[in-house]
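Here is the structure we will look at.
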Amino acid sequence: MIFEKIAQDAQSNARCGLIYTNHGVIETPIFMPVGTIGSVKGIYHKDLKEDINAQIILGNTYHLFLRPGLNIINKAGGLHKFISWDKPMLTDSGGFQVFSLAANRKITEEGCTFRSHIDGSKHTFTPENNVDTQRMIGADIIMALDECTPGDAEHSYALKSLKLTQRWLERCVTHFDNTQPLYGYKQFFFPIVQGCVYPDLRKMAAEHAVSLNRDGYAIGGLSVGEPTEKMYEMIEVLHPLLPLDKPRYLMGVGTPANILEGIARGIDMFDCVMPTRNGRNGMLFTWEGMINIRNKKWAEDFSLIDSLGTSFVDRTYTKAYLRHLFVAGEMLAAQIASEHNLAFYLSVVKEARMHIKAGDFATWKTVAVKKLETKL
RNA sequence: GGGGAGAUACCAAAGUGGCCAACUGGGGCAGACUGUAAAUCUGCUGGCGUACGCCUUCGUAGGUUCGAAUCCUGCUCUCCCCA
């Protein structure tokens with residue numbers, strides 16, 4: 001057993017739990033900072049651990065496969081050792097790149113052939129070699145190779161795509177069960193439930209994935225262009241279909257408000273590039289709302305970045321100073337904003353856990369979401 | 001004192017009779033960003049208007065012309081060379 005539920009909100013599907021891995025225990029609901037290429041952009045591990053309180057981070061199979069390549073990661077003794085991160089890690093399979101690098105790939109029954117965005121070289125991911133690759137990278141949780149369909153896909157295409165994802169999933173599972181971890185610790189495998197915005201397809205996908213009896217289940221193909229309400233609707237459709245004793249991971253989501261709404265609908269794990277990417281682009285998330293720190297209105301605001309913030313950057317730097325750094329193009333600007341946002345995201349899920357345990361999550365969430373969506 | 005070059009919007013810099021409210025870059029202002037091809041991308045940047053548009057602009061004062069940032073004259077200022 002890798003998941004233990006420890007609290008359930010009375011008024012919603014929100015719950016608290018623990019995920020046990022050989023690199024440590026993860027408290028859920030949790031947000032996982034994204035470290036695609038083996039780096040959470042702009043953030044030292046020390047800060048990730050001590051200031052942001054990250055419990056698990058992501059890597060990406062496609063990106064790591066291309067650079068530095070499996071040979072180097074293997075020689076290093078796996079990704080944990082290569083990047084000096086001793087806490088849990090999860091790798092995405094590259095299914096999202098099937099979607100985001102659509103112009104550079106070709107999908108067949110066998111797998112997905114890519115043109116490298118770096119040098120144009122040709123590579124093929126099959127369900128089998130993708131599992132092997134993730135074995136070699138050595139993440140604690142590895143993901144199925146899937147096709148992530150756009151949010152506006154037609155039903156007919158979404159169905160065809162889902163069927164392929166399901167056949168790939170079966171091959172992933174078979175291969176996963178026939179192979180062993182390379183570095184002496186257990187790896188868990190999560191199927192990805194696709195089906196676009198169509199309840200019948202989501203149901204079909206969930207039932208199929210659950211029948212394969214895996215360690216946890218991911219919900220993919222959301223936050224890829226569909227209306228936010230559709231995303232919430234799909235999570236609600238899936239709720240009764242996924243086992244309650246396994247963790248649920250909503251891939252690629254999202255804003256702090258999206259995360260609280262996801263938690264209310266029973267999601268345990270989230271990841272998103274938003275805190276780092278938007279941070280680099282001058283956007284800060286706070287309990288009071290969202291700030292575009294590059295705006296002139298902050299030029300003479302000498303108050304702290306976030307008076308309610310938990311990060312040392314919140315206690316150290318002022319809005320006026322951070323705006324100055326952004327306007328001047330200083331790299332410290334991106335670092336401070338990323339640090340703040342990640343610390344904020346982790347504090348959002350921490351607060352959520354506290355309120356679930358206290359039993360007042362649903363009412364607290366409604367008030368919090370309204371503020372989080374405000375533009376300051 | 002003599003000779004030469006030049007003055008264009010916040011800055012730099014194109015434009016040398018109508019296609020010019022004026023290329024382009026910087027700066028400024030705003031927006032986007034959701035399993036990271038992103039320390040990226042987009043829009044606006046004389047005034048009013050959502051917009052067709054209207055009004056005021058290319059040192060300054062006049063002039064030529066149907067029409068001028070562009071041609072002519074005076075003036076002011078700047079830079080370079082010689083003495």
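Excluded from the calculations below are hydrogen atoms, water molecules and symmetry mates; all remaining heavy atoms, backbone and side chain alike, are included. Numbers restart at 1 for each chain; the letters A, B, ... are given by sequence-line order, proteins then strands.
Separating the C1' atom of B:A68 from that of B:A61 is a span of 16 Å, rounded to the nearest Å. Straight-line distance between the P atoms of B:U65 and B:C55: roughly 24 Å, to the nearest whole Å. Between B:C79 and B:U8, the two P atoms lie 14 Å apart (nearest whole Å). The gap from the P atom of B:U60 to that of B:U76 amounts to 16 Å, rounded to the nearest Å. Straight-line distance between the P atoms of B:C48 and B:U56: roughly 16 Å, to the nearest whole Å. Going from the C1' atom of B:G46 to that of B:C20 covers 14 Å, rounded to whole Å. Between B:G74 and B:U64, the two C1' atoms lie 15 Å apart (nearest whole Å). Of the C1' atoms belonging to B:A69 and B:A13, the separation is 14 Å, rounded to the nearest Å.
In this model, no donor atom of one side chain and acceptor atom of the other lie less than 3.5 Å apart for A:N295 and A:K319. Side-chain polar atoms of A:D51 and A:S311 form a donor-acceptor pair below 3.5 angstrom.
Rounded to whole Å, the distance from NE2 on A:H340 to P on B:A39 is 20 Å. Rounded to whole Å, atom C1' of B:A39 lies 13 Å from atom CD1 of A:I336. Atoms CG (A:N295) and P (B:G43) sit 19 Å apart, rounded to a whole Å. A straight line from NZ of A:K41 to P of B:G35 spans 12 Å, rounded to a whole angstrom. The NZ-P distance, from A:K297 to B:G28, rounds to 19 Å in whole Å. Remark: C1' of B:A39 and CD of A:Q335 are 10 Å apart, rounded to the nearest angstrom. The interatomic distance linking A:L284 (CG) with B:G31 (P) rounds to 13 Å, in whole Å. Protein atom CZ of A:F99 is 12 Å distant from nucleotide atom C1' of B:U36, rounded to whole Å.
The pairing partner recorded for B:U60 is B:G74, the criterion being a Watson-Crick or G-U wobble arrangement whose two distances lie under 3.5 angstrom. Nucleotide B:U42 forms a Watson-Crick or G-U wobble pair with B:A30, both donor-acceptor distances falling under 3.5 Å. With a cut-off of 3.5 Å on both Watson-Crick or G-U wobble distances, the partner of B:G1 is given as B:C82. Across all strands shown, B:A13 has no partner, as no Watson-Crick or G-U wobble contact with both distances under 3.5 Å is found. Checking B:G53 for Watson-Crick or G-U wobble geometry (two distances, each under 3.5 Å) identifies B:C48 as its partner.
Within the 4.0 angstrom heavy-atom criterion, only backbone atoms of the sugar-phosphate kind lie near A:L58; the bases stay farther away. When heavy atoms are screened at a 4.0 angstrom cut-off, A:R323 is found touching the sugar-phosphate backbone but no base atom. Nucleic acid contact for A:D146: base, since at least one base atom lies under 4.0 Å from a heavy atom of the residue. Residue-level contact check: A:T276 touches the bases, meaning some heavy atom is under 4.0 Å from a base atom. Residue A:G42 is out of contact with every strand shown, counting any heavy-atom pair closer than 4.0 Å. Within the nucleic acid shown, A:Q194 comes within 4.0 Å of at least one base atom, counting heavy atoms only. The residue A:N60 sits close only to the backbone: its heavy atoms come under 4.0 Å of sugar-phosphate atoms, none of a base.
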Protein-nucleotides 32-34 of chain B N/O pairs under 3.5 Å:
unit_1, atom_1, unit_2, atom_2, d
B:A32, OP1, A:K375, NZ, 2.5
B:C33, O2', A:N278, OD1, 2.9
B:C33, O2, A:N281, ND2, 2.8
B:U34, OP1, A:R277, NH1, 3.1
B:U34, O3', A:G252, O, 3.0
B:U34, O2', A:S223, O, 3.0
B:U34, O2', A:S223, OG, 2.6
B:U34, O2', A:G252, O, 2.7
B:U34, O2, A:N258, OD1, 3.3
B:U34, N3, A:N258, OD1, 3.0

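Tested against A:P127 for a side chain to side chain contact (heavy atoms under 4.5 Å, CB included), the candidates A:L145, A:D132, A:T174 yield a single pass: A:L145.
Look at A:E233 and A:K230 and you find a salt bridge, because one of the NZ, NE, NH1 or NH2 atoms lies within 4.0 Å of a carboxylate O, short of that distance. Taking the charged nitrogens against the carboxylate oxygens, A:K160 and A:E154 have no contact shorter than 4.0 Å, which rules out a salt bridge.
Remark on RNA chain B: of its neighbouring residues A:G59 and A:G329, the 5'-side contact belongs to A:G59, judged by nearest-heavy-atom nucleotide.
Cluster membership for A:I259 and A:M283, using ILVMFWY side-chain heavy atoms within less than 4.5 angstrom, is shared.
Around OH of A:Y185, the count of heavy atoms belonging to other residues, nucleotides or ligands within 6.0 Å exceeds 12. No more than 12 heavy-atom neighbours from other residues, nucleotides or ligands sit within 6.0 angstrom of CZ on A:R67.
The shortest distance between the side-chain N/O atoms of A:Q97 and the OP1/OP2 oxygens of B:A37 is below 4.0 Å. Residue A:S100 has a polar side-chain atom (N or O) positioned under 4.0 Å from OP1 or OP2 of B:A37.
Side-chain contact between A:N60 and A:Q97 is present, with at least one heavy-atom pair separated by less than 4.5 Å. In this structure the side chain of A:I83 reaches within 4.5 angstrom of the side chain of A:M89, judged on heavy atoms.
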